[in-house]
Asker: 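Below is one structure. I have some questions about it.
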Amino acid sequence: NEGRKMSENTEEVKLLEAQIMHLQAEIEALQQQQQVNCKDITFQFTGQMQDALAFLCGQTQDLEEMVVSRLKEEVEELEEDLKLQTRIDGISLNSCIRKTLQNRGQEVVQLLCLSGRCSELVFQVEFQLSEVKDGSRTERKISDLNLVLDSNDLQSLSSFLSRYRPAPINNGKII
């Protein structure tokens, strides 16, 4: 009877050890995903904003007050830039969703979905942004561009586009 009990305890210990290993692997995978997410967050920013986001993601150990101060300044600058841009081009964005599709070291491919308004036209734009870093040089490409409009807005856009006829281009030169 005692031998059977030892065997059951051994089996239970093995089962618990297997669960512990599984949980440790899951924790490691989540930590790696958190690092990827932090890289995604800081990917498009430079300077003070990138420093602040790196601090918030635990990638740097700067003083908290300095980082928060830098972040506040950067946000204020971005808000002013956005107001100016909206006044100039009349485009206001409601949302921007970014999802990383591939991240292979020097190459990152993201799916972006923007929604907003331009004058009375409500729109949604989806596209893939590929960014390849080669030393200090960065090459960006947009692909799979989709524009989603309401059918009434589509008629207005078609009317606008029919009035606008760009000059034909031949070998990169306008004719």
Side-chain angles (χ1 to χ4, degrees), residues 34-169 172-175:
Q34 181 184 16
Q35 289 176 348
V36 168
N37 290 345
C38 285
K39 285 179 184 175
D40 286 351
I41 290 170
T42 59
F43 181 69
Q44 294 295 325
F45 297 101
T46 59
Q48 295 175 354
M49 181 66 97
Q50 189 174 42
D51 293 343
L53 290 171
F55 172 77
L56 293 173
C57 289
Q59 295 174 349
T60 63
Q61 300 300 320
D62 288 348
L63 297 172
E64 186 173 353
E65 286 180 30
M66 182 173 55
V67 171
V68 170
S69 173
R70 285 182 183 176
L71 181 59
K72 185 176 179 183
E73 289 173 18
E74 187 77 15
V75 167
E76 289 170 356
E77 289 175 17
L78 288 171
E79 286 174 345
E80 286 303 314
D81 289 348
L82 181 60
K83 286 178 188 176
L84 179 62
Q85 178 187 344
T86 301
R87 277 196 304 261
I88 291 172
D89 62 20
I91 298 173
S92 62
L93 296 178
N94 300 329
S95 71
C96 175
I97 299 170
R98 181 185 341 215
K99 178 181 178 186
T100 300
L101 302 176
Q102 293 178 15
N103 188 347
R104 288 185 263 156
Q106 301 297 327
E107 181 182 6
V108 177
V109 179
Q110 295 181 323
L111 174 66
L112 285 95
C113 181
L114 306 168
S115 65
R117 172 183 294 274
C118 179
S119 186
E120 295 302 314
L121 182 69
V122 177
F123 64 89
Q124 180 177 341
V125 178
E126 296 177 353
F127 59 92
Q128 285 188 15
L129 175 65
S130 302
E131 182 167 288
V132 178
K133 293 183 180 181
D134 183 18
S136 62
R137 193 173 141 263
T138 301
E139 182 180 324
R140 291 186 176 112
K141 291 182 184 176
I142 291 178
S143 61
D144 298 334
L145 179 65
N146 293 304
L147 176 62
V148 180
L149 298 170
D150 182 81
S151 61
N152 294 332
D153 293 334
L154 186 58
Q155 290 174 347
S156 299
L157 180 65
S158 295
S159 171
F160 171 77
L161 292 175
S162 68
R163 286 180 285 177
Y164 172 74
R165 296 185 193 226
I169 297 177
K173 296 179 182 178
I174 299 177
I175 16 182

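Residue numbers run from 1 in the order of the sequence given.
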Asker: Roughly how far, to the nearest 0.5 Å, is CD of Q110 from NZ of K99?
Answerer: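 CD of Q110 is found 12.0 Å from NZ of K99.
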Asker: Just by distance, with hydrogens left out, do S95 and S115 show a side-chain donor and acceptor under 3.5 Å apart?
Answerer: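 Per modelled atom types, S95 and S115 side chains form a pair under 3.5 Å.
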Asker: Please evaluate residues F123 and N94 with respect to the criterion side-chain contact (heavy atoms from CB on, under 4.5 Å), reporting the C-alpha separation (whole Å), side-chain torsions for both, the decisive distance (0.1 Å), and the verdict.
Answerer: CA-CA 10 Å; F123 64 89; N94 300 329; over 6 Å; no
Asker: CD1/I91 to CG/L82 distance, rounded to the nearest 0.5 angstrom?
Answerer: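 One finds 11.0 Å between CD1 of I91 and CG of L82.
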Asker: In sequence, state the C-alpha distance, the side-chain angles, and the governing distance for Q106 and D134, and then conclude on side-chain contact (heavy atoms from CB on, under 4.5 Å).
Answerer: CA-CA 7 Å; Q106 301 297 327; D134 183 18; over 6 Å; no
Asker: Could you point out which residue of L101, V109, L112, L111 forms a side chain to side chain contact (heavy atoms under 4.5 Å, CB included) with L129?
Answerer: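 So, applying the side chain to side chain contact (heavy atoms under 4.5 Å, CB included) to L129 and each of L101, V109, L112, L111, only L112 qualifies.
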Asker: Who passes side chain to side chain donor-acceptor pair (under 3.5 Å) against S130, sequence neighbours left out?
Answerer: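 For S130, no residue satisfies side chain to side chain donor-acceptor pair (under 3.5 Å) once neighbours in sequence are set aside.
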Asker: Only one of R137, R98, R140, K141 passes salt bridge (charged side-chain N to carboxylate O under 4.0 Å, His left out) with E131; say which it is.
Answerer: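 Answer after filtering R137, R98, R140, K141: R140.
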Asker: Measuring from atom OG1 of T86 to atom CZ of R117, what distance do you get when rounded to the nearest 0.5 angstrom?
Answerer: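 Result: 13.0 Å between the selected atoms.
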Asker: Out of curiosity, E73 CD to E76 CD, how far, rounded to the nearest 0.5 Å?
Answerer: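 Answer for the CD-CD pair, E73 versus E76, is 7.5 Å.
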Asker: Between OG1 of T100 and CD of Q102, what distance do you get to the nearest 0.5 Å?
Answerer: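 Rounded to the nearest 0.5 Å, the OG1-CD separation comes out at 10.5 Å.
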Asker: Can you tell me how far the CD atom of E126 sits from the CG atom of D144, to the nearest 0.5 Å?
Answerer: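 Answer for the CD-CG pair, E126 versus D144, is 10.0 Å.
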